[in-house]
Number of protein chains: 2
Amino acid sequence: MASDVWKEYESNEISHSVAHHLTAIHELMDDLGYARVSDVARALEITRGSASLTLKALKARGLVVEDHNKFLKLSEDGRRIVDSILAKRAVVRKFLNEVLKLDEHQAEVDACKVEHLLSAQTGGQLLHFVHFLLSDDPTAQQFLAEFWSKLDQKEEWQWPVQDVDQLFNLESR
Amino acid sequence: MASDVWKEYESNEISHSVAHHLTAIHELMDDLGYARVSDVARALEITRGSASLTLKALKARGLVVEDHNKFLKLSEDGRRIVDSILAKRAVVRKFLNEVLKLDEHQAEVDACKVEHLLSAQTGGQLLHFVHFLLSDDPTAQQFLAEFWSKLDQKEEWQWPVQDVDQLFNLESR
DNA sequence: ATCAGTTGTTTTATTAGCAAAACATCGGTT
DNA sequence: AACCGATGTTTTGCTAATAAAACAACTGAT
């Protein structure tokens, strides 16, 4: 694997932590109508000091703006980022839970882990896919019914699967 | 979102960095027949000092074992982890590239980002899904053909999509 | 007006992961 | 024997993200 591939992991627009600071503000605005440093800290269950530092950096990056009275809100850029994250989270969670039939907790955890890592391209294509897959199109419904019935029949695969490549006739890496 | 969900991000078995140190050893064994600290550093394009420290920790964790002459290899646990990572990477890459039709580079990058984050459950179910989806089952083939034709017709969605929830009739979060 | 509670910030410390540089060691050449 | 190159380690410093603790400022109740 080329190093320019694996090193892109750190070169993300936002980190996991930042993603959740931003979405916390978004949800607090919905739920309480306001969001202060302490509210974010409580929501994320971290100390006020930690939240204060991270949010200071986010203000410097222009993703969060502060009221005359220490009330926080998302900037235009911040809102755009939160929208893309929540969209990806929703799509991934729906796919994992309603298609792959993973339990809701697992689906939520895994969606939360990857939501900030997927490119806009990937998010968009996945949205197309899941939208069609769960539509009332008879082809989609027939396919899903078939898949789920095979899932039930199938004895559990040993995981990790050593021979995924063989299973797919892949030339390995 | 409950904090016990988003905080699980850090509580992973292995980090992105560790995943690639381990897979580097695996691939070096395949390609060269051996793997030393310097070889890993070269493969990952990091300094020998950094690799030395990370690999020391991995030896302490019992994932890597060292030869009488500084030659590294994976332990049984290390091999098990590498197998699961490579399997997830292969499945995700295949899904993104061959189903969602993302270009190979994008598929590789995104697969690399999430490979170490997906649970074994998720990896297993995704493997089932992709395996059936790309099989010669006529239902699967018909569904894919239908999906791809819709992809072509479809004008690109605006991304981020603000109304994913509405699109899916989700109650939001 | 004082006292208590909440809030926000700063400082100090920790961990993971990297770079850079100094250092030691070993192997082969000349 | 002296040297060069490659290798491995250690030390120092950096950044992101956290905790913990100290501190200042504001709010409200009595």
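To find a chain, count down the sequence lines: A is the first, B the second, and so on, and within it residues start at 1. Everything numeric in this text was worked out from a predicted model, so none of it was measured.
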S.K.: With sequence neighbours excluded, tell me which residues meet salt bridge (Lys or Arg N to Asp or Glu O under 4.0 Å) with Arg36(A).
M.R.: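 With sequence neighbours excluded, Arg36(A) shows a salt bridge (Lys or Arg N to Asp or Glu O under 4.0 Å) to Asp39(A), given in chain and number order.
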S.K.: If I take atom CG from residue Leu58(A) and atom CD1 from residue Ile81(A), how far apart are they, to the nearest 0.5 angstrom?
M.R.: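 Leu58(A) atom CG to Ile81(A) atom CD1 measures 9.0 Å (nearest 0.5 Å).
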S.K.: How do Val18(A) and Lys59(B) order along DNA chain D: which one's closest nucleotide is nearer the 5' end?
M.R.: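 Result of the comparison: Lys59(B).
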S.K.: Determine whether His131(A) and Phe95(A) satisfy the following criterion, ring-ring contact (aromatic ring centres under 6.0 Å, His included), listing intermediate values before the conclusion.
M.R.: CA-CA 9 Å; His131(A) 186 242; Phe95(A) 178 65; over 10 Å; no
S.K.: Kindly compute the distance separating OG1 (Thr122(A)) from CG (Leu117(A)), expressed to the nearest 0.5 Å.
M.R.: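 Going from the OG1 atom of Thr122(A) to the CG atom of Leu117(A) covers 10.5 Å.
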S.K.: How would you give the extent of chain A contacts on DNA chain D, as first and last nucleotide 5' to 3' within a 4.0 Å heavy-atom cut-off?
M.R.: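 Range of nucleotides within reach of chain A: dA17(D) to dA19(D).
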S.K.: Which residues pass the salt bridge (Lys or Arg N to Asp or Glu O under 4.0 Å) test with Glu13(B), sequence neighbours left out?
M.R.: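 Checked Glu13(B) against salt bridge (Lys or Arg N to Asp or Glu O under 4.0 Å); matches are Arg80(B).
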S.K.: With sequence neighbours left out, write down each residue that passes ring-ring contact (aromatic ring centres under 6.0 Å, His included) with His20(B), or none if nothing qualifies.
M.R.: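 Testing His20(B) for ring-ring contact (aromatic ring centres under 6.0 Å, His included), a comparison that skips the adjacent residues, returns Trp6(A), His16(B).
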S.K.: Looking for any heavy atom pair under 4.0 Å, which part of the strands does Ser50(A) touch: base, sugar-phosphate only, or nothing?
M.R.: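 If one applies the 4.0 Å heavy-atom cut-off, Ser50(A) turns out to touch a base.
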S.K.: By side chain to side chain donor-acceptor pair (under 3.5 Å), which residues pair with Lys59(A), not counting sequence neighbours?
M.R.: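 Side chain to side chain donor-acceptor pair (under 3.5 Å) list for Lys59(A), sorted by chain: Glu66(A).
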S.K.: Return yes if a side-chain donor-acceptor contact under 3.5 Å exists between Thr139(A) and Asp137(A), otherwise no.
M.R.: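 A pair is found: one side chain offers a donor N or O, the other an acceptor, under 3.5 Å apart.
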S.K.: Contacts to DNA chain D from residues 60-71 of chain A, heavy-atom cutoff under 4.0 Å, which residues?
M.R.: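 Hits under 4.0 Å, by residue number: none.
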S.K.: Who passes ring-ring contact (aromatic ring centres under 6.0 Å, His included) against Phe147(B), sequence neighbours left out?
M.R.: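 Phe129(A).
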S.K.: Could you check whether His21(B) gets within reach of a base, just the sugar-phosphate, or nothing at all, counting any heavy atom under 4.0 Å?
M.R.: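 Sugar-phosphate only.
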S.K.: Pull out every residue in residues 37-46 of chain A that has a heavy atom closer than 4.0 Å to any atom of DNA chain D, ordered by number, or say none.
M.R.: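 Here the set is Glu45(A), Ile46(A).
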S.K.: If I take atom OG1 from residue Thr23(B) and atom NE2 from residue His116(B), how far apart are they, to the nearest 0.5 angstrom?
M.R.: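 Rounded to the nearest 0.5 Å, the OG1-NE2 separation comes out at 11.0 Å.
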S.K.: Under the salt bridge (Lys or Arg N to Asp or Glu O under 4.0 Å) test, which residues partner Glu10(B), sequence neighbours left out?
M.R.: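 Once residues adjacent in sequence are excluded, Glu10(B) has no partner under the salt bridge (Lys or Arg N to Asp or Glu O under 4.0 Å) criterion.
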S.K.: Can you sort out the partners of Glu108(A) under side chain to side chain donor-acceptor pair (under 3.5 Å), two or more places apart, ordered by chain and number?
M.R.: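 Listed in chain order: nothing, the list is empty.
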S.K.: Want to settle it: does Trp6(A) or Leu53(A) sit nearer the 5' end of DNA chain C, counting the closest nucleotide to each?
M.R.: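 Closest to the 5' end, via its nearest nucleotide, is Leu53(A).
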S.K.: What range of DNA chain C does chain B touch, first nucleotide to last, counting atoms under 4.0 Å from its heavy atoms?
M.R.: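 The contact span of chain B on DNA chain C goes from dG17(C) to dA19(C).
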S.K.: Kindly write out the residues that satisfy salt bridge (Lys or Arg N to Asp or Glu O under 4.0 Å) with Arg79(B), not counting sequence neighbours, or none if the list is empty.
M.R.: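 Arg79(B) satisfies salt bridge (Lys or Arg N to Asp or Glu O under 4.0 Å) with Glu76(B) only.
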